[in-house]
Structure formats: structure tokens, C-alpha cells
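Everything on this sheet refers to the single structure shown next.
Not measured: the values here are computed from a predicted model.
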Amino acid sequence: MKKLFYLFLVSLSVFICSCKEKESDHWKEMADVYHAIVAPVFPDREFIITDYHTPEDTLYTEAIRKAIEHCAAEGGGRVVIPQGEFLTGPIRLRSHVNLHLADSARLLFVTDPNLFDVVRTRIEGIDCYNLSPLIYAYEENHIAITGNGVMDGQASEDNWFGRAKRMRQTLPDGTRIDEKTRLYGMKADQLPFEERIFRGEMGIRPQFINLYKCKDILLEGFTLHRSPFWLIHPLLCENVTVRGVKMISHGNNNDGCDPESCRNVLIEDCYFDTGDDCIAIKSGRDEDGRFWNIPCENIIVRNCVMKDGHAGVAIGSEVTGGCYNVWVENCRMDSPHLDRIIRIKSSAERGGEVKNVYVRRIEVGECRQSILGMELKYWKVTDGPYPPYFHNIHLEHITSNKSQYVMHLDGFDNKIRVRDIYMKDCVFNGVAHPDIHMIVGVENIQFDNVKVNGKKYEGIYD
């Protein structure tokens, strides 16, 4: 009997050690991805925009374009925005060009939609042709925006956000709608992509930075203000570094950084104070997402500060193509206007599988709602043919001083589409609703040394 008991203890020890080793493998894999993401380097050549400007030009659009084209033709280098304030229209980046803002540089963008070309892009996961983002690149490689200057989209209620500016579309019955609503209808009607065109006064508010089908990207050091729409939107990109960027913008749909259908993305040492999700990971919407069916994968978020926003790190809601392997670590999130810390959202019209999300060492001062929020009925869609599936979510070493809930998991009443949530070594204080009860349609939640308002949670919650 003693021998059997000894063998049991040995087996248990081996099992525990293997679990710990397996658990650490998640972060070892992150380290491998981290080292695989390499920022591009550029030749030691400079092209200063003021050298290309003519006094009769009121804008610097043409000077910046000429400097970028000259730099690209010479094999690459830095296009420098020097000290001072410069007004420009949209900018298009080229391969091997680093757009560099001097420390005291301030780049302001025009708000007249008639000065914007029409380019291929996505708006909220839907393919279309729309007004050029303020900075845009398509199928380029080795590109960068660096330096400690400021870029200001100048968006306000007097231009991009004004209701009179947005409600320009008219339905056959005379109802006035905005441009995004018209785009939603085009998608639902399966109008061919080439016919979804928005230009001039009928254009949809553009992203600040949209890099489409690009590789080897560095965005570092600068500050973004007053964006018309999403701030940084890498789309179908690979090997992306976003480092030390300050995103301070409180307009409508002002997500901070939205990698969409991207692979190998690093977001580190950034500051977010935004009108929507600080970071939102995406992979296409509904029919368009199913057509491309390209996931977002290998996303690392580390050493960031999040203030206002709908979520610190969100996945979705446009996540039809799926999202795999997300690591979030060493972040500080703190604001009464930050709704959630980690948020995963979709619907049964949108679908999408989200798996392998690992979160550790997050310090939360306070948030408005929950530490972990999941919505499988986003936009109040209660049923549909493509129910999303979220599983293998790990949270460890998270502390919080104030929230409404620890978990707010809103799944389906009649089926399990969320599984395997693990929470370890966490302390949550100041929880208004401390009982773990805001959970619907979830299977296998495991707690290991979790305290909520001093009460300890251990084992499996069903």
C-alpha cells in the first residue's frame, strides 16, 4: 500500500511539473515570435521635404510626394519632416522609405474630402474603395514612420464628425443614412467589391494610417491626435513593429491599433487614450471575412499603458477569419472610462474562432465593467448560422483595485461556444458584483489562487 501511495505521489508530481512546463511553453513560444519580428533598416540617406517645396504651394503634399518618390528611386532612406508645422493632404508611402518626423515637427492633415484620392482598403472589415487614409501604403515592403513629432488629423465636429457631413446618403424612400450604413448594405447585398466606391463628399471617414498587404514595417516614436477613424490599421501585413507610439484621440471609432488579418505583430511601449478600443485585433467581417478567410495570428502586446477606451485589448468584433496566438503582458490599464481589460466579441452572423490568448502581469487601477469580457451576441444578434467559438484563454498575475465584475461572459443560452478559461494567481479588489455569476454558455473555467474581495476561488467553476 505504501508503495502504491509513493507511486501515486510520483505520478502526481510528474503531472504537476508537466503542466507547469506546458504552461511555460506558451510564453516560450511568445519569445520565439518576438525574436522573429525584426524591424526594417534603411540606407543612411536623407531627403528633407522643404528642399522639394515651392513657395506658391500652400500645402506640402507635393513636396512630400516628391521627396518620397526620389528616396524610393535612390534605393531608400529617410524622408525628413523637419522642425516646424506643415499642412498636407494624404501621403502615400513607398518601399524602403522611412518617413521621419523631427522632435519638434508637427504634420497637420487637411479635412477637405475632395483633396483625397480613392484607394483600395477595408472599413470595419468590409472591402471597398474609399478616401485615402491620411498615410497609406499598398503592397510595399520595408517601410517606416519614425521620430518624436506629432501628426494631427484635425478631425472634429466641424468636419469629419459633423452629422451634416455624414448623413449624405439617401435611400429610395427618402431616409437619410450615413456612408458606413450604405457600405453595410452593399456587403449584405453582395455587391461586387469593385462597385463599392466612396469618394469626395460621399466618402467614409478614412483611417489615419492604413498599410495594406505590406511587409517589414516599423512605426515608432510619434504621437497621433484627432483621427477621423481608426488610428493605426495594418491590413494583411506581416512582420509589423509598433513601438513607443502615443495614440491620443477621442473621436468616433477611434480605435488605437487594429491589426487585421496580419501575422507577427509586436505592439510595445505604447500609450493609448482613445475613443474606442485601445487595441482591436480583427480578421474581416461576415461575407467578406469568409471570402478571404485569413486569420490574425502571432500578436504580442507588451509594456503598454491604456487609459480611456472601450477595451484595453479587444479581439473582434470583425473576427470572421479567426484569431490565434495573442500574448499580452506587463501592461498598466487604469481609467474609470476604460470599459474592459480583455474583450473578445463576435456574433452568430460574424463567426470566427479565437484561441490561444495568454495574458499575464497586468496592473489595473480601475475599469468601468469587467476584467474579462466576452460577447457572442454582439449588436444583439442572438442567433445565426455562424456561431463564434472562443477557447483556451489564460490570465495570470493580474491585479485590480476596482471593477464591476471579474468576468462578464455573455454566450448562448442553448449551446456551449466558450471553453477552457484559466485564471491563476490573480487578486481583484473593489469588485461591485464579486460573485462569479455573469457567465452564460461557458464550459470549464478553472481558478488557481484567485482572490475576489478577499474571497478565494479554487478549482473548476461550472
Side-chain angles (χ1 to χ4, degrees), residues 124-126 184 187-188 255 258-261 276-290 292-297 299 309-326 328 339-359 367-395 403-423 433 435-447 460-462:
E124 293 187 346
I126 303 174
Y184 301 156
K187 173 192 65 67
D255 289 5
D258 289 28
E260 181 171 4
S261 296
D276 210 310
D277 296 325
C278 296
I279 295 171
I281 303 166
K282 302 178 181 290
S283 59
R285 177 173 177 158
D286 304 347
E287 296 90 338
D288 287 15
R290 284 184 282 275
W292 290 101
N293 195 31
I294 298 175
C296 216
E297 56 185 335
I299 313 298
H310 292 180
V313 176
I315 302 174
S317 67
E318 302 90 347
V319 71
T320 301
C323 177
Y324 315 135
N325 308 332
V326 175
V328 183
D339 291 341
R340 307 157 188 88
I341 301 307
I342 304 296
R343 183 186 192 189
I344 307 175
K345 50 183 175 173
S346 187
S347 75
E349 289 180 350
R350 208 150 289 181
E353 179 186 18
V354 175
K355 67 177 181 180
N356 305 339
V357 178
Y358 308 105
V359 183
C367 67
R368 194 198 322 251
Q369 193 190 83
S370 59
I371 305 302
L372 176 63
M374 292 188 183
E375 300 148 80
L376 284 78
K377 296 174 286 192
Y378 191 67
W379 273 16
K380 300 181 180 180
V381 176
T382 58
D383 200 8
Y386 304 101
Y389 182 35
F390 307 154
H391 61 113
N392 199 32
I393 316 297
H394 295 246
L395 296 90
S403 66
Q404 187 174 5
Y405 309 103
V406 173
M407 294 182 174
H408 190 284
L409 312 182
D410 188 13
F412 300 107
D413 294 319
N414 58 347
K415 51 182 169 283
I416 301 294
R417 300 295 294 176
V418 178
R419 286 186 175 88
D420 306 332
I421 298 175
Y422 305 94
M423 186 172 284
H433 301 280
D435 292 335
I436 308 294
H437 70 282
M438 295 301 297
I439 296 173
V440 177
V442 183
E443 181 178 82
N444 189 30
I445 302 176
Q446 297 190 24
F447 297 100
I460 298 175
Y461 177 91
D462 288 318

From Ile341 atom CD1 to Leu372 atom CG, the distance as rounded to the nearest 0.5 Å: 10.5 Å
Residue pair Leu376, Lys345: steps toward the side chain to side chain contact (heavy atoms under 4.5 Å, CB included) verdict: CA-CA 6 Å; Leu376 284 78; Lys345 50 183 175 173; over 6 Å; no
Stepwise side chain to side chain contact (heavy atoms under 4.5 Å, CB included) test for Asn356 and Ile393: CA-CA 6 Å; Asn356 305 339; Ile393 316 297; over 6 Å; no
Contact summary for Ala280 and Gly316, nearest pair of heavy atoms: CB-O, 4.1 Å
Spatial distance of atom OH (Tyr358) from atom NE2 (His394) [nearest 0.5 Å]: 5.0 Å
Gap separating the CE atom of Met374 from the CD1 atom of Ile342, nearest 0.5 angstrom: 10.0 Å
Pairwise side-chain contact, Gln404 with Arg368, heavy-atom cut-off 4.5 Å (strictly under): no
Side-chain heavy-atom pair Leu409, Val440 within 4.5 angstrom cut-off: no
Spatial distance of atom CG (Asn293) from atom CG (Asp288) [nearest 0.5 Å]: 12.5 Å
Test log, rule salt bridge (Lys or Arg N to Asp or Glu O under 4.0 Å), inputs Lys377 and Asp410: CA-CA 7 Å; Lys377 296 174 286 192; Asp410 188 13; 3.1 Å; yes
Atom NZ of Lys415 with >12 non-hydrogen neighbours under 6.0 angstrom: yes
Sub-4.5 Å side-chain heavy-atom contact between Tyr389 and Lys355: no
Nearest non-hydrogen partners of Glu349 and Asp286, listed with the distance: O-OD1, 3.6 Å
Closest non-hydrogen atom pair between Arg350 and Glu318, with its separation: CD-CA, 4.0 Å
Arg419 to Phe390 six-membered ring, cation-pi geometry met (6.0 Å, 45°): no
Ser346 side chain to Pro388 backbone, donor-acceptor under 3.5 Å: no
Any donor-acceptor pair under 3.5 Å from Thr320 side chain to Gly289 backbone: no
Donor-acceptor pair, side chain of Asp277 and main chain of Ala311, under 3.5 angstrom: yes
Test side chain to side chain contact (heavy atoms under 4.5 Å, CB included) applied to Val319 and Val354, step by step: CA-CA 8 Å; Val319 71; Val354 175; 4.1 Å; yes
Atom of Cys296, atom of Ser283 and distance for their closest heavy-atom approach: N-CB, 4.0 Å
Residue of the set Val359, Ile279, Ile299, Leu395 for which side-chain contact (heavy atoms from CB on, under 4.5 Å) holds with Val328: Val359
Geometric class of the Tyr184/Trp379 ring pair [parallel <30°, tilted 30-60°, perpendicular >60°]: perpendicular
Verdict with supporting geometry, Gln369 and His408, side chain to side chain contact (heavy atoms under 4.5 Å, CB included): CA-CA 8 Å; Gln369 193 190 83; His408 190 284; 4.0 Å; yes
Heavy-atom closest contact (Met407 atom, Phe447 atom, distance): CE-CE2, 4.1 Å
Any donor-acceptor pair under 3.5 Å from Ser370 side chain to Arg340 backbone: no
Separation of Asn392 CG from Asp420 CG (nearest 0.5 Å): 6.5 Å
Heavy-atom side-chain proximity of Asn444 to Ile421 below 4.5 angstrom: no
Spacing of CD belonging to Glu443 relative to CD1 belonging to Ile416, to within rounding of 0.5 Å: 5.5 Å
Under-4.0 Å salt bridge between Glu124 and Lys282: no
Beyond-backbone contact of Ile445 with Ile460, side-chain heavy atoms, under 4.5 angstrom: no
Minimal non-hydrogen separation, Ser261 against Gly284, with atom names: OG-N, 4.3 Å
